[in-house]
There are 2 protein chains.
Amino acid sequence: MSVFAHHTHDFASDPDTALAAADAFFQKTGVRFTPLRRRVFEIILRAGKPIGAYDILERLRDHGKIAAPISVYRVLDFLIEQRFVHRLATINAYMACVTPEDPHAAQFLICQSCGSVTEISDQAVDKAIAEGARTAGFRVSYPLVEIMGVCADCARDGKA
Amino acid sequence: MSVFAHHTHDFASDPDTALAAADAFFQKTGVRFTPLRRRVFEIILRAGKPIGAYDILERLRDHGKIAAPISVYRVLDFLIEQRFVHRLATINAYMACVTPEDPHAAQFLICQSCGSVTEISDQAVDKAIAEGARTAGFRVSYPLVEIMGVCADCARDGKA
DNA sequence: ACGGCATTTGTTATATTGTATCATGCGTGC
DNA sequence: GCACGCATGATACAATATAACAAATGCCGT
């Protein structure tokens, strides 16, 4: 059995707390958490699930902000760099990191039926990947694990 | 240490053998391996590294074939379905599977310096993922593992 | 406060990747 | 041969992401 931490995205379910934590973090590090960056992060948090770049753009505009795609992508790059946001390559979407201040390798369980995504942090997976890469002489910068399948809820309801 | 199989893409390095094997496989299964499908697979094999859909399209046209993007994507879907080709979501590229007839979970080591991709098949990673997903009640259909980093060659040459 | 510098954002245009839709071809089996 | 199903063609378009340069904004030393 694996050393296994299972987050059901409690962090993201309370955007205000997450935002306050981000404010504190950036205050501490001195990195600039500009209004635009903060708003984009808030949009991602409030989405509560993975959201596309153009959806973010649309919501920015709803708030009276005129913005171009590039603005969103720049902010996304920043937030990913700062480890507050993950990019899900398989579905071209972005979601808030569950535990941004605790550096960790994350794995994502993506439900093909309902579209929900659960972030897990399984150290066994992490370790196995590190070991496998090391054997190949490969220096890992970012291990991406996106597991497509059917979540427990959908499996139970027979949706897939 | 992990149970570790390391393929340096020997399969793809001999396109003719791979094509012959594919011919035999489809002959056996009765699934239609049409000229278009065969040609696309050959293009991917001869590329020897991940190749984009539009690059495939271009090479089809080089061979006097007039084709639209959709044709390429349809064939790619087919080849992926048949497990002869992998899609690399992080870099939007496609590559020939090392051992198509042996169902396996694959992991990819993607070098950010030279762009090379090595397919490995580490059972420890595979097992850890299966176990982690099971704990979450998640039924896996396709586990995607794409590890970004720097390959041994580039690390040695100090390219990154 | 001011000027110079770096970082961030705006603006415009474009590149890249992937699909929808309907028509046509083409082989297989009756 | 012809009806059916699958594969491909043709046309148009959607979705995702980046390039290049200009303007603004904050930071820091003086």
Side-chain angles (χ1 to χ4, degrees), chain A residues 22-23 26-44 47 50-61 63-82 84-95 112 115 146 148, chain B residues 22 26-27 29-44 47 50-61 63-82 84-95 110 112 115 144 146 148:
Chain A
D23 286 333
F26 286 116
Q27 182 71 33
K28 192 174 62 188
T29 61
V31 175
R32 291 173 60 185
F33 196 42
T34 65
L36 180 63
R37 287 168 175 175
R38 193 175 192 279
R39 185 143 36 172
V40 168
F41 185 47
E42 184 177 7
I43 288 169
I44 295 170
I51 180 175
Y54 279 74
D55 289 333
I56 294 171
L57 184 58
E58 208 171 303
R59 298 200 193 180
L60 270 179
R61 286 174 172 157
H63 291 291
K65 185 86 186 154
I66 304 154
I70 186 80
S71 295
V72 173
Y73 283 104
R74 281 193 288 226
V75 171
L76 285 172
D77 284 346
F78 168 82
L79 292 172
I80 291 167
E81 185 95 11
Q82 296 293 323
F84 276 76
V85 164
H86 290 291
R87 169 176 156 77
L88 298 168
T90 44
I91 58 177
N92 293 318
Y94 305 83
M95 72 184 295
Q112 291 168 315
E146 297 183 15
M148 309 301 289
Chain B
F26 286 116
Q27 182 71 31
T29 62
V31 176
R32 291 174 61 186
F33 195 42
T34 65
L36 181 63
R37 287 169 175 174
R38 194 175 192 279
R39 184 145 36 175
V40 169
F41 185 47
E42 183 177 7
I43 288 170
I44 295 171
I51 181 175
Y54 278 74
D55 288 333
I56 295 170
L57 183 58
E58 209 170 302
R59 298 199 193 180
L60 270 179
R61 285 173 173 157
H63 291 292
K65 185 86 185 154
I66 304 154
I70 186 82
S71 294
V72 172
Y73 283 104
R74 281 193 288 226
V75 171
L76 285 172
D77 285 346
F78 168 82
L79 293 172
I80 290 168
E81 184 94 12
Q82 297 293 323
F84 276 76
V85 164
H86 290 291
R87 169 176 157 78
L88 297 168
T90 45
I91 57 176
N92 294 318
Y94 305 83
M95 72 185 294
I110 304 171
Q112 292 167 316
L144 177 81
E146 297 182 14
M148 309 301 291

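Below, read A as the first sequence line, B as the second, and so on, with proteins coming before strands; counting in each chain starts at 1.
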* **Rounded interatomic separation in angstrom, taking CZ from A:Phe78 and P from D:dT18** => 18 Å
* Give the rounded distance in Å between these two atoms: CD1 of A:Ile51 and P of D:dT16. => 11 Å
* Structure fact -> Taken to the nearest whole Å, CZ/B:Phe26 to P/D:dC6 is 17 Å
* To do: Whole angstrom is fine here: how far is it from CD in A:Glu81 over to C1' in C:dT7?
  => 14 Å
* For A:Ile91 and A:Glu146, run side chain to side chain contact (heavy atoms under 4.5 Å, CB included): C-alpha distance rounded to whole Å, both residues' side-chain angles, the deciding distance at 0.1 Å, then the answer. => CA-CA 10 Å; A:Ile91 58 177; A:Glu146 297 183 15; 5.6 Å; no
* To do: Check whether any side-chain N or O of B:Arg37 sits under 3.5 Å from a backbone N or O of B:Arg32 as a donor-acceptor pair, and report yes or no.
  => yes
* Report yes if the side chains of A:Phe26 and A:Gln82 come closer than 4.5 Å at any heavy-atom pair, otherwise no. => yes
* Structure fact -> Separation of D:dT8 atom C1' from B:Leu60 atom CG, nearest Å, is 12 Å
* Asked: Do B:Leu36 and B:Arg74 have side-chain heavy atoms sitting under 4.5 Å apart?
  -> no
* Would a 4.5 Å heavy-atom cut-off, applied to side chains only, mark A:Leu76 and A:Ile56 as touching? -> yes
* Starting at CZ of B:Arg38 and ending at P of D:dT8, how long is that distance when rounded to a whole Å? -> 14 Å
* Does D:dT8 have OP1 or OP2 sitting under 4.0 Å from an N or O in the side chain of B:Lys65? -> no
* Asked: Pick the nucleotide of DNA chain C nearest each of A:Ala68 and A:Leu36; which residue has the one closer to the 5' end?
  -> A:Leu36
* Taking only side-chain nitrogens and oxygens of B:Ser71, does any of them come within less than 4.0 Å of OP1 or OP2 of D:dT8? -> no
* Rounded distance (Å) that lies between atom P of D:dG9 and atom CZ of B:Arg37 -> 11 Å
* **Residue-phosphate contact under 4.0 Å: A:Thr34 side-chain N/O, C:dT9 OP1/OP2** => yes
* Asked: Over how many whole Å does the gap from B:Arg61 atom CZ to D:dT8 atom P extend?
  -> 16 Å
* To do: Decide yes or no for A:Asp23 and A:Arg38: does some side-chain heavy atom of the first lie under 4.5 Å from some side-chain heavy atom of the second?
  => yes
Quick test: give all pairs of protein nitrogen or oxygen and nucleotides 16-20 of chain C nitrogen or oxygen below 3.5 Å, distance rounded to 0.1 Å.
unit_1, atom_1, unit_2, atom_2, d
C:dG18, OP1, B:Arg87, NH1, 2.7
C:dG18, OP1, B:Arg87, NH2, 3.2
C:dG18, OP1, B:Asn92, OD1, 3.4
C:dG18, OP2, B:Tyr73, OH, 2.9
C:dG18, OP2, B:Tyr94, OH, 3.3
C:dG18, O5', B:Tyr73, OH, 3.4
C:dG18, N7, B:Tyr54, OH, 2.6
C:dG18, O6, B:Tyr54, OH, 3.2

* To do: Grab the two heavy atoms, one from B:Pro50 and one from B:Ala93, that are nearest each other, plus how far apart they are.
  => CB-CB, 3.7 Å
* Just one of A:Ile80, A:Val72, A:Val40 clears the side chain to side chain contact (heavy atoms under 4.5 Å, CB included) bar with A:Tyr94, so which one? -> A:Ile80
* Report yes if the side chains of A:Phe33 and A:Phe84 come closer than 4.5 Å at any heavy-atom pair, otherwise no. => no
Protein-nucleic acid N or O pairs under 3.5 Å, nucleotides 22-30 of chain C:
none

